Student: 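Mind looking over this structure? Questions follow.
As the structure is a computational prediction, the values presented were derived from the model and not from experiment.
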Amino acid sequence: MNKVIMITGANAGIGKETARQLGKIKETEKIYLACRNLEKAKMAQKELEQLTGRKIFEIIIMDVSQADSVKKAIANLKIPVDALIMNAGGLGGKTPEKATKDGVTTITASNLLGHVVLVDELIKNDKLKNIALYASSEVARGVKKMGMEQYQLKQASVDEFTSLFDGTAFGKKFDPVLAYSGVKLSGTLWMSSMARKYPNIKFISVSPGGTRGTDGFNDMPFLQRIMYKYVGMPIIMPLLGLSHSLESGAKRFVQSISNEKLKSGTFYASKKNVLTGPLVDQSPYYNGFSNPVYQDNANEAIHRFIN
């Protein structure tokens with residue numbers, strides 16, 4: 001039973017909706033809202049209390065793009081969590097290629113590095129009990145209908161993953177959407193590596209699918225943003241099985257953390273060619289997902305940037 005749950009990026013979009021749905025479950029006793037902005041977190045907390053009629057939401061200030069912020073937050077965490085939902089991320093804002101002080105790009109820091117530090121710190125301090133869920137994306141396998149390529153690994157070596165994380169793999173032509181694909185792919189592989197390393201904790205990657213009503217498209221280049229946010233997602237894509245409601249996207253996370261049928265180390269997302277509907281194992285679509293060498297190399301590479 002997951003009585004205590006932590007959600008990163010919990011003040012808006014899928015994160016907040018996930019918190020609302022979990023708050024409606026009577027067995028849920030506490031939800032940590034891990035957010036980087038205190039004012040936005042307070043607004044979300046107040047709204048969630050009104051929507052659920054429960055005062056079980058506790059704010060934790062944590063910027064997952066900064067390793068030190070994550071470490072400080074976990075050092076001050078008093079009650080261990082049963083379930084961790086790593087939802088924070090995105091396309092890295094206006095400067096996704098910019099290097100952080102940890103040596104990775106902003107897009108790597110916000111989607112992956114901070115969550116790796118978070119899991120490491122929770123485990124080291126015996127504060128993660130049951131399950132860790134990483135919000136991956138179908139873009140990790142590529143979405144041809146949306147023109148989103150899968151990041152192509154040539155050798156999947158530690159050095160290759162490292163060049164993806166620090167941005168040198170792109171040279172002078174940094175592509176944020178392709179980088180996002182590569183980072184989500186790497187995060188999914190990292191989770192599978194952790195599943196083998198820590199068999200007493202379940203590690204699963206789950207895509208929320210093509211979810212409307214999020215801020216995820218705000219960081220796209222202007223023309224892509226307009227097309228996806230105001231034309232594609234609300235009008236065209238629902239007809240093609242490429243988008244669903246915010247509630248449906250969040251429900252994937254809520255149901256997955258208590259679904260005993262989901263296997264540790266596995267990536268679950270939509271069936272091929274769609275971004276909605278039932279969750280299925282993604283390894284038949286890309287054999288790299290189940291390759292232990294790929295998994296361990298991604299894990300080793302991201303830990304090169306952690307002190």
Student: Any idea how Phe203 and Tyr198 line up, ring-wise: parallel (<30°), tilted (30 to 60°), or perpendicular (>60°)?
Tutor: tilted
Student: Could you pull out the closest heavy-atom pair between Tyr180 and Asn111, with the gap in Å?
Tutor: CE1-OD1, 3.6 Å
Student: Hey, which of Ile60, Ile61, Leu48 is the one that makes side chain to side chain contact (heavy atoms under 4.5 Å, CB included) with Leu33?
Tutor: Leu48
Student: For a 4.5 angstrom cut-off between non-hydrogen side-chain atoms, does Glu29 reach Ile56?
Tutor: no
Student: Determine, stepwise, if the pair Arg304 / Val158 fulfils side-chain contact (heavy atoms from CB on, under 4.5 Å).
Tutor: CA-CA 9 Å; Arg304 284 183 172 181; Val158 176; 3.3 Å; yes
Student: For a side-chain contact (heavy atoms from CB on, under 4.5 Å) check, start with the C-alpha distance between Ile306 and Asp102, then their side-chain angles and the critical distance, and finish with the verdict.
Tutor: CA-CA 7 Å; Ile306 299 174; Asp102 297 303; over 6 Å; no
Student: A side-chain contact here means heavy atoms from C-beta on lying under 4.5 Å apart; do Met62 and Ile74 qualify?
Tutor: yes
Student: Ring of Tyr151, cation from Lys184 - is the NZ or CZ under 6.0 Å from the centre and inside 45° of the axis?
Tutor: no
Student: Side chain to side chain contact (heavy atoms under 4.5 Å, CB included) with Thr28: which of Gln21, Arg54, Lys3?
Tutor: Arg54
Student: Give the intermediate values and the outcome of side-chain contact (heavy atoms from CB on, under 4.5 Å) for residues Ile25 and Val254.
Tutor: CA-CA 10 Å; Ile25 299 174; Val254 172; 4.0 Å; yes
Student: Return the CG to CZ distance between Leu185 and Arg141, rounded to the nearest 0.5 Å.
Tutor: 12.5 Å
Student: Treating Ile, Leu, Val, Met, Phe, Trp and Tyr as nodes and any side-chain heavy-atom pair under 4.5 angstrom as an edge, say whether Ile123 and Leu77 lie in one connected cluster.
Tutor: yes
Student: Kindly indicate, with the supporting measurements, whether the criterion side-chain contact (heavy atoms from CB on, under 4.5 Å) is fulfilled by Ile107 and Glu97.
Tutor: CA-CA 7 Å; Ile107 200 167; Glu97 77 285 359; over 6 Å; no
Student: For Phe57 and Gly23, which heavy atoms make the closest approach, and how far apart are they?
Tutor: CZ-CA, 4.1 Å
Student: Can you find a heavy atom in the side chain of Ile302 that is under 4.5 Å from one in the side chain of Leu113?
Tutor: yes
Student: Identify the heavy atoms of Pro176 and Leu91 that sit nearest to each other, and give their distance.
Tutor: O-CD2, 3.8 Å
Student: To the nearest 0.5 angstrom, please state how far the OG1 atom of Thr188 sits from the CZ atom of Phe267.
Tutor: 5.0 Å
Student: Quick check on Asn307: does its CG atom have over 12 non-hydrogen neighbours (other residues, nucleotides or ligands) under 6.0 Å away?
Tutor: no
Student: When hydrophobic residues are tied together by side-chain contacts of less than 4.5 Å, even through go-betweens, does Met43 share a cluster with Tyr32?
Tutor: no
Student: So Ser270 and Arg252, side chain to side chain donor-acceptor pair (under 3.5 Å) or not? Walk me through it.
Tutor: CA-CA 10 Å; Ser270 309; Arg252 286 186 170 193; 2.8 Å; yes
Student: Answer whether the closest heavy-atom distance between the side chains of Lys263 and Tyr268 falls below 4.5 Å.
Tutor: yes
Student: Could you check whether any side-chain heavy atom of Lys101 comes within less than 4.5 Å of a side-chain heavy atom of Gln66, counting everything from C-beta outward?
Tutor: no
Student: Counting only heavy atoms not in Lys40, do more than 12 sit closer than 6.0 Å to its NZ atom?
Tutor: no
Student: Does one hydrophobic cluster hold both Ile201 and Met86, with members joined at side-chain heavy-atom distances below 4.5 Å?
Tutor: yes
Student: Compare every heavy atom of Met191 with every heavy atom of Ala132, then report the nearest pair and how far apart it is.
Tutor: O-CE, 3.3 Å
Student: Does any part of the side chain of Leu178, heavy atoms only, come nearer than 4.5 Å to the side chain of Phe170, both counted from C-beta?
Tutor: yes
Student: Measure the spacing between CG of Leu133 and OG of Ser256 and express it to the nearest 0.5 Å.
Tutor: 6.0 Å
Student: Walk me through it: do Arg196 and Asp296 pass the test salt bridge (Lys or Arg N to Asp or Glu O under 4.0 Å)?
Tutor: CA-CA 10 Å; Arg196 289 185 288 105; Asp296 291 344; 2.6 Å; yes
Student: Should the pair Glu49-Lys46 be classified as a salt bridge under the 4.0 Å nitrogen-to-oxygen rule?
Tutor: no
Student: Could you report the tightest heavy-atom contact between Val280 and Gln282, atom names first, then the distance?
Tutor: O-NE2, 3.1 Å
Student: Test side chain to side chain donor-acceptor pair (under 3.5 Å) on Asp166 and Thr168 and set out the steps.
Tutor: CA-CA 6 Å; Asp166 65 18; Thr168 57; 2.7 Å; yes
Student: Going by the angle between their ring planes, with limits at 30° and 60°, are Phe305 and Phe165 parallel, tilted or perpendicular?
Tutor: perpendicular
Student: I need the Ser245 OG to Lys251 NZ distance, nearest 0.5 Å.
Tutor: 7.5 Å
Student: First locate atom OG1 of Thr162, then atom CG of Asn297, and finally report the distance between them rounded to the nearest 0.5 Å.
Tutor: 9.0 Å
Student: May I ask whether Ile85 and Leu246 are part of the same hydrophobic cluster, defined by side-chain heavy atoms of I, L, V, M, F, W, Y residues being less than 4.5 angstrom apart, directly or through others?
Tutor: yes
Student: Partners of Lys30 by salt bridge (charged side-chain N to carboxylate O under 4.0 Å, His left out), sequence neighbours excluded?
Tutor: Glu58
Student: Any non-hydrogen side-chain atom of Asn259 less than 4.5 Å from a side-chain atom of Leu279?
Tutor: no
Student: Taking ring-ring contact (aromatic ring centres under 6.0 Å, His included) as the definition, give me every residue that meets it alongside Tyr285, ordered by chain and number, with sequence neighbours left out.
Tutor: none
Student: Give a yes or no on whether Gln155 atom CD has more than 12 heavy-atom contacts from other residues, nucleotides or ligands under 6.0 Å away.
Tutor: no
Student: So, taking the atom named OG1 in Thr8 and the one named CG in Asn11, what distance separates them when rounded to the nearest 0.5 Å?
Tutor: 10.5 Å
Student: Could you report the tightest heavy-atom contact between Ala156 and Glu160, atom names first, then the distance?
Tutor: N-OE1, 2.6 Å
Student: Side chains of Ile7 and Leu22: closer than 4.5 Å at any heavy-atom pair?
Tutor: yes
